[in-house]
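In this chain, numbering begins with 1 at the start of the sequence shown. Here the structure is a predicted model, which means the values were calculated and not measured.
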Amino acid sequence: MIRPTPATWFELLAPNEDAIRLFEALTRAGGVEFEPARADKALDQRAASLRQRFAELKQSYCAVWPKVCAAPTPHAMTTEVLARAVARIEAWACAAQPELNAREVLLSQRSIHQLWQRLLLAAEISVAERAALAGGQTLAAAIFTGQPINSLTPPPAVLTRPLSVAGEPCLLVIAAPARLADFGEQIAAVGGRRIAPVAALADPDPAAVDIRLQALQAELAHTEQRLAAIDAEYDIATAVAEAIQGSWCLANVTAIDTGPALCCVTGWSADAPALARTIDACGAPALVRFGPPPSGLHAPMLLHNPSWVRPYEAFSQLMGMPERNATDPSLIVAIAFPLLFGYMFGDVGQGLLLAGIGLACGKRWPIARLFIPGGVVAAGFGLLFGSVFSMHGVLPAWWVDPLAEPLVVLLVPIFGGGALLLVGLWLAATAAHWRGELSEWLRTDGAASATFAGLLIGAVNSVGFGFVVAAAALLIAATTELVLTHRLSAVASQLAEIIEKAIQLALNTLSFVRVGAFAIAHAGLSSALGMLAADAGSAAPLVIIIGNLFIIALEVLVVSVQTTRLLLFEFFIRFFTGTGRAFRPAPPPPSDLHEPQIGRASCRERV
């Protein structure tokens, strides 16, 4: 459980026509990371360039593409296939761009005419006012919209009339062109905007705007027909589907070597038997072989932890991925984190509330699951400290009151931190054993570790001083050879190194005193809240509720940071080697390939 294992190398041989089906089955089952057996930098650069170009085209035109159909071919996608698809999309873009530009203009004009249609229907605007709105008169007119416009005081020689269109306030303004422009700037400064006039307003026919709107609808329909013909000419839906599929393949299934009839896919599997079962269930004819990877490839590492430990893998991932002969501390962290967190946050009510929040939010934010055991342990220490929602005396303390016996509360975390550091040293010794370097570790870190363990245990029991004797024996064994070879300077250097490491361990242990200090600080905040509640009279329940919410918000942040700091910078540095590579399963094909894309089809419905 504490030793990572490398993923298994596999080589898969399948017919080209079944390649995509196999890829989808493997990626949807999970546990597969593709990697080429041999790198081709020129091919990778070309594939990356094509994927980037398709991403640019998709960003520019995805809103106007028709519905994307399923991929037309199950064959393995190569760089050449993606290149042909991208070239066809570029040709379509060149042909469709003029029509798309015309369509945007028509849509904009239609939107303005629809707005004027509503204005003319809702407001009694005379023929003279319509002519002034169209421009070209001695007096100019404009309609402005926006919430604050009716609160403005118009300057002299400016006529205004409030209007309302579908509940939105509007303002009709008539004035000389220069005065209208000045007043328009004032309206724009408070967030108002001018409704652009249209030529149909100058027509005395009241139905001129309606007639122009019908004409715009007809032009839009013709433009859509021309775009549909261009889509059919270039078969844009098929080209987009091929490009989506090709981009996914070349981004995630780079380990593909395509021949005339067969393709070979290589990569890493987290579970070789499961991969073989997935291939059999897929029904596609394929041969798979598991074996050692080619030289120069480094296997990604897999962690094997039970489900309740996996959330704590995030701590080691902050420092990297353990290598093959390194130890995974997730199990130790899963025990130490709740203990450290709960000790500093000891309160029955607040701990149970925090555990409930972790349960409620764990599915949406997985990191919140850490608060479930942390909250439960905090409730347990709340029983030991006699604190319930920051109220002391409601329950008798099962152990000590932090404010009454602060020295005991400070000393316990020091010994607990020392024990945690000893576990870290054991993990370091275990990793050295796996690397075949245990004897070297015993000659250096072993002597310092034995000295530290002896002093730590000897502080409470004289038996611990036996560890000091063991440290002396290790030191004699480490320096005898150096003395015999007259390398006295090396002896002095090794002695200094052992002393330095022992002092570092002692200082790391003292860092855990902050755990007790925060436990006392929590009790102090609770005591202050109790005094405030006692002086609040009838408002005491409200003071207690607000005070508890403040304490929870403050201490969750502070205690989480301190716990993480102690684990990473006092515990991990004793043994952790994060030079491994994490296993990253390939994602399944994009849903765009199988689900209709909301594009120009929805626009046609509005037209």
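- How far SG of C361 is from CD1 of I372: 9.5 Å, rounded to the nearest 0.5 Å.
- N508 places no side-chain N or O within donor-acceptor distance of the main-chain N or O of E570, the cut-off being under 3.5 Å.
- Here F385 and Y343 bring their ring centres to under 6.0 angstrom of each other.
- Remark: side-chain polar atoms of R581 are paired, donor with acceptor, to backbone N or O of H298 under 3.5 angstrom.
- Proximity of a side-chain donor or acceptor of E437 to a complementary backbone N or O of A432 within less than 3.5 Å is not detected.
- Looking at T564, its side chain does come within 3.5 Å of a backbone N or O of S560 through a donor-acceptor pair.
- Proximity of a side-chain donor or acceptor of S247 to a complementary backbone N or O of I244 within less than 3.5 Å is not detected.
- Between L354 and F345 there is a side-chain heavy-atom pair separated by less than 4.5 Å.
- Aromatic ring centroids of F572 and F575 lie under 6.0 Å apart.
- In this structure, Y312 and P338 have side chains that are in contact, with non-hydrogen atoms separated by less than 4.5 Å.
- Without hydrogens or angle criteria, T327 side chain to P329 main chain gives no donor-acceptor distance under 3.5 Å.
- Contact of the V158 side chain with the D182 side chain is not registered, since no non-hydrogen atoms from C-beta on lie closer than 4.5 Å.
- When all heavy atoms are compared, the tightest approach of N325 to A431 is O-CB, 3.4 Å.
- With M301 as the partner, the side-chain contact (heavy atoms from CB on, under 4.5 Å) test is satisfied by one option alone out of R3, M321, E323: M321.
- Proximity of the aromatic rings of F512 and F415 is defined here by a centroid distance below 6.0 angstrom, and this criterion is not met.
- Between L395 and L383 the shortest side-chain heavy-atom distance falls below 4.5 Å.
- Between L339 and V377, the closest side-chain pair of non-hydrogen atoms falls below 4.5 Å.
- Counting all heavy atoms, side chain and backbone alike, K363 lies closest to R369 at CA-NH2, 4.3 Å.
- With hydrogens and angles ignored, the 3.5 Å screen pairs no side-chain donor or acceptor of N305 with any backbone N or O of R310.
- Side chain of R514 to backbone of S511: a donor-acceptor contact under 3.5 angstrom is found.
- Checking each of T5, L303, L302, L427 against D328 for a side-chain contact (heavy atoms from CB on, under 4.5 Å) leaves exactly one that passes, namely L303.
- Closest heavy-atom contact between S390 and L529: CB-CD2, 3.7 Å.
- If you run side-chain contact (heavy atoms from CB on, under 4.5 Å) between N548 and each of I544, I551, I545, only I544 comes through.
- The OG1 atom of T563 sits 6.5 Å away from the CZ atom of F341 when rounded to the nearest 0.5 Å.
- Between the side chain of S316 and the main chain of E313, a donor-acceptor pair closer than 3.5 Å is present.
- The side-chain contact (heavy atoms from CB on, under 4.5 Å) test with P406 singles out one residue from V400, I520, L411, and that residue is I520.
- Atoms CG and CG, from D347 and L353 in turn, are 10.0 Å apart once rounded to the nearest 0.5 Å.
- Taking every heavy atom of both residues into account, Q350 and H522 meet most closely at OE1-CE1, 3.0 Å.
- With contacts defined as side-chain heavy-atom distances shorter than 4.5 Å, the pair P6/F583 does not qualify.
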